Structures are given as structure tokens and as C-alpha cells.
Amino acid sequence: MTGYEGADLAIALINVILLGLLFVVAIAIARMRSLFAIVMLSGIYSLISATWFVALDAVDVAFTEAAVGAGISTALLLGAMLLTSRTAKPEKRSTAIVPLLVVIAVGCMLVYATIDLPAFGDPDSPANTYVGTAYIERTPQDIGVPNIVTAVLASYRGFDTLGEVGVVFAAALAVILLLGFGERSLSATIGRKDKGGRG
Amino acid sequence: MIGAAAIALIVAIALMLIRALRGPTLYDRVLAVNSLGTKIVLFIGILGFVLGRPDFLDIAVLYALINFVSTIAILKFFRYRSFQVPLMRRTVARQTQPEGDDV
């Protein structure tokens with residue numbers, strides 16, 4: 001890592017604690033039936049994982065996770081919950097076996113794949129040898145932004161980021177067109193249909 | 001010193017998590033999420049000092065803003081059952097008819 005070896009133990013401890021919290025939240029989400037509680041817990045999950053991204057120095061990913069995961073998607077899920085019931089159907093125990101086996105198999109494969117990965121912060125890893133060094137050398141003269149990830153995203157790959165913004169805008173537009181706003185929105189239509197009923 | 005603060009914050013986060021998991025009413029959960037967000041903001045600030053990079057405070061401020069807005073959105077949703085109602089009550093109340101105290 002970059003200079004602060006004394007804090008390595010603290011970093012490892014923080015990572016373990018945050019991942020443990022994420023594990024607890026994920027298990028709780030899988031076991032709960034109240035959809036509102038699940039929406040709230042998924043917001044918590046996003047916040048904690050955003051903190052973990054900050055701890056891993058992936059600040060831009062953490063920004064996205066906090067804005068999209070904890071902010072927008074909580075609101076979208078609440079809006080979707082308005083159109084359905086408030087609790088999930090309990091599923092049968094026997095049908096849950098096959099997905100469990102699939103998940104365990106995929107998890108084992110992923111753990112097996114991590115054995116081949118270079119160590120965390122390894123200077124000889126591909127991420128730190130080829131293009132990365134060129135960016136690190138040139139960014140101070142070319143762009144002058146202290147955060148190199150920001151320089152890459154907003155300047156070197158400016159057109160790419162512009163295209164991504166266009167894609168996200170189109171997706172948001174599609175959601176707005178589907179759910180609607182104001183008088184013509186789906187929820188307002190449903191609410192008008194059973195007037196006098198609940199919600 | 002900073003370590004003690006970090007540990008205290010982690011304990012507080014765990015307590016908020018327990019409240020969000022077990023909270024009997026919806027408002028317990030909303031409050032738990034909101035104050036857990038506050039603890040996360042403080043924790044990111046502490047983390048910046050642990051890592052020797054106090055510029056994480058900017059991120060913490062942004063998280064505080066997002067947390068505030070999303071809490072307002074959730075509470076507004078439960079007050080009006082919709083996001084399309086303005087927060088300030090207009091003089092001519094249209095068909096909104098807030099359903100106060102079910103939930």
C-alpha cells in the first residue's frame with residue numbers, strides 16, 4: 001500500500017468489521033418477509049458497502065454506491081412497493097435447496113478464482129505495471145487533478161463518460177415514462193380505481 | 001483516541017443495525033436507517049484520519065446530504081403515498097388527501 005504501513009492492521013480490522021456487518025444485513029434481507037423492512041435494509045447495505053469502498057480507496061465507486069444504492073434505488077423500490085403488496089410470499093423449503101446449491105457452487109468457484117489473483121497492492125500486478133503507470137506519470141502535467149481516477153474518468157475518457165451519462169439519462173427517462181408523474185402516473189391511476197379503499 | 005472513537009462508532013452502528021432488524025414499527029426502521037447514515041458519515045470522517053487523508057471529509061459531507069434527502073423522500077412517501085406531492089401545502093388542496101395514521 002502507499003506509505004501508511006502502521007495503519008495496515010487497522011485497515012484489515014475495519015474491512016473485516018464492515019464485511020461482517022454486510023453479511024449480517026444480507027442474511028437478514030434473505031430471511032425477512034416485510035418488503036418495507038427489506039427496502040430499508042438494502043439502503044443500509046448500500047451505505048455500509050459504500051463505506052467499505054471508501055476504506056478500499058475506491059472513492060468514485062463509493063460515491064456511486066451511496067447516490068444510487070442508498071438514495072435513488074430506495075426511492076424507486078418504495079415507488080414499486082406502492083404497486084404491489086407489502087409482504088413477500090413465503091416460499092416452500094424444498095424449492096430453496098437447488099438455488100442454495102447453485103450459490104454454494106458459484107461461491108466456491110469464485111474463491112478458487114481469487115487464489116490466482118495478485119496480492120493486494122502488489123507492484124508487479126498487471127493493474128500496476130502497464131497503463132496505470134503511464135497515467136500516474138502523466139496526470140500531473142496533463143490534467144493537474146490530484147485524484148487520478150477522476151482525471152481518467154472525466155478527462156482521458158471524457159467522451160466515454162459522456163456516453164454513460166446519456167445511457168443513464170435514457171434509463172431514467174424510461175423509468176419515468178413507465179411509472180409516470182402526477183395525474184397520469186400508474187400509482188395515481190390505481191389509487192383512483194379503488195377510490196375509498198386503502199392507498 | 002481516534003481508535004476509541006472508531007470503536008464507539010462501530011458499536012453504535014451495530015446497535016442501529018439491531019434496531020433496523022428488529023424494529024417493530026416502520027418509523028423505528030426509518031429512524032434507524034437515518035441515524036445509521038449519520039454514523040456512517042462520522043465513520044468516514046474518522047477513517048480519513050486513520051488513513052492519514054483528511055480529505056475524506058468531503059465525501060462524508062456528500063453522504064450527509066444524500067442521507068438527508070433520502071430520509072425526507074422516505075418520510076414523504078409514507079405521509080402522502082406518492083412522491084409527486086409538493087412538501088409545502090398549496091392553498092388549493094387537490095385530491096391528495098393524506099392518510100395520516102394507518103401504516
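All of these numbers come straight from a predicted model, not from anything done at the bench.
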How far does [atom1] of [X] sit from [atom2] of [Y], to the nearest 0.5 angstrom?
X	Y	atom1	atom2	answer
B/I40	A/T51	CD1	OG1	3.5 Å
A/F53	B/I44	CZ	CD1	12.0 Å
A/L47	B/S70	CG	OG	7.5 Å

Mind checking whether [X] and [Y] sit in one hydrophobic cluster, side chains of I, L, V, M, F, W, Y counted as touching below 4.5 Å?
X	Y	result
A/I27	B/L36	no
A/L18	A/L56	yes
B/L31	B/L75	no
A/V24	B/F43	yes
A/L13	B/F49	yes

* **A/I17 versus chain B, the contacting section by heavy-atom distance below 4.5 Å** => side chain
* Asked: Is chain B contacted by the side chain of A/I48, its backbone, both, or neither, given a heavy-atom distance below 4.5 Å?
  ->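 Contact with chain B: backbone and side chain both.
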* Contact listing (chain B partner; residues 38-46 of chain A; heavy atom under 4.5 Å) ->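 Against chain B, the residues of residues 38-46 of chain A that fall inside the cut-off (heavy atoms, under 4.5 Å) are A/M40, A/L41, A/I44.
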* Indicate yes or no: at least one non-hydrogen side-chain atom of A/V54 is less than 4.5 angstrom from one of B/Y63. =>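 Contact flag for A/V54/B/Y63 side chains = yes.
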Heavy-atom distance under 4.5 Å to chain A: side chain of [X], backbone, both or neither?
X	result
B/I66	side chain
B/V41	neither
B/I59	both
B/I13	side chain

* Please say whether more than 12 non-hydrogen atoms of neighbouring residues, nucleotides or ligands are located less than 6.0 Å from CD1 in A/I72. =>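 No.
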* Minimum heavy-atom distance A/I14-B/L47, with the two atoms named ->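 Heavy-atom minimum between the residues: CD1-CD1, 3.3 Å.
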* For A/V25 and B/L21, run side chain to side chain contact (heavy atoms under 4.5 Å, CB included): C-alpha distance rounded to whole Å, both residues' side-chain angles, the deciding distance at 0.1 Å, then the answer. => CA-CA 8 Å; A/V25 176; B/L21 294 181; 5.7 Å; no
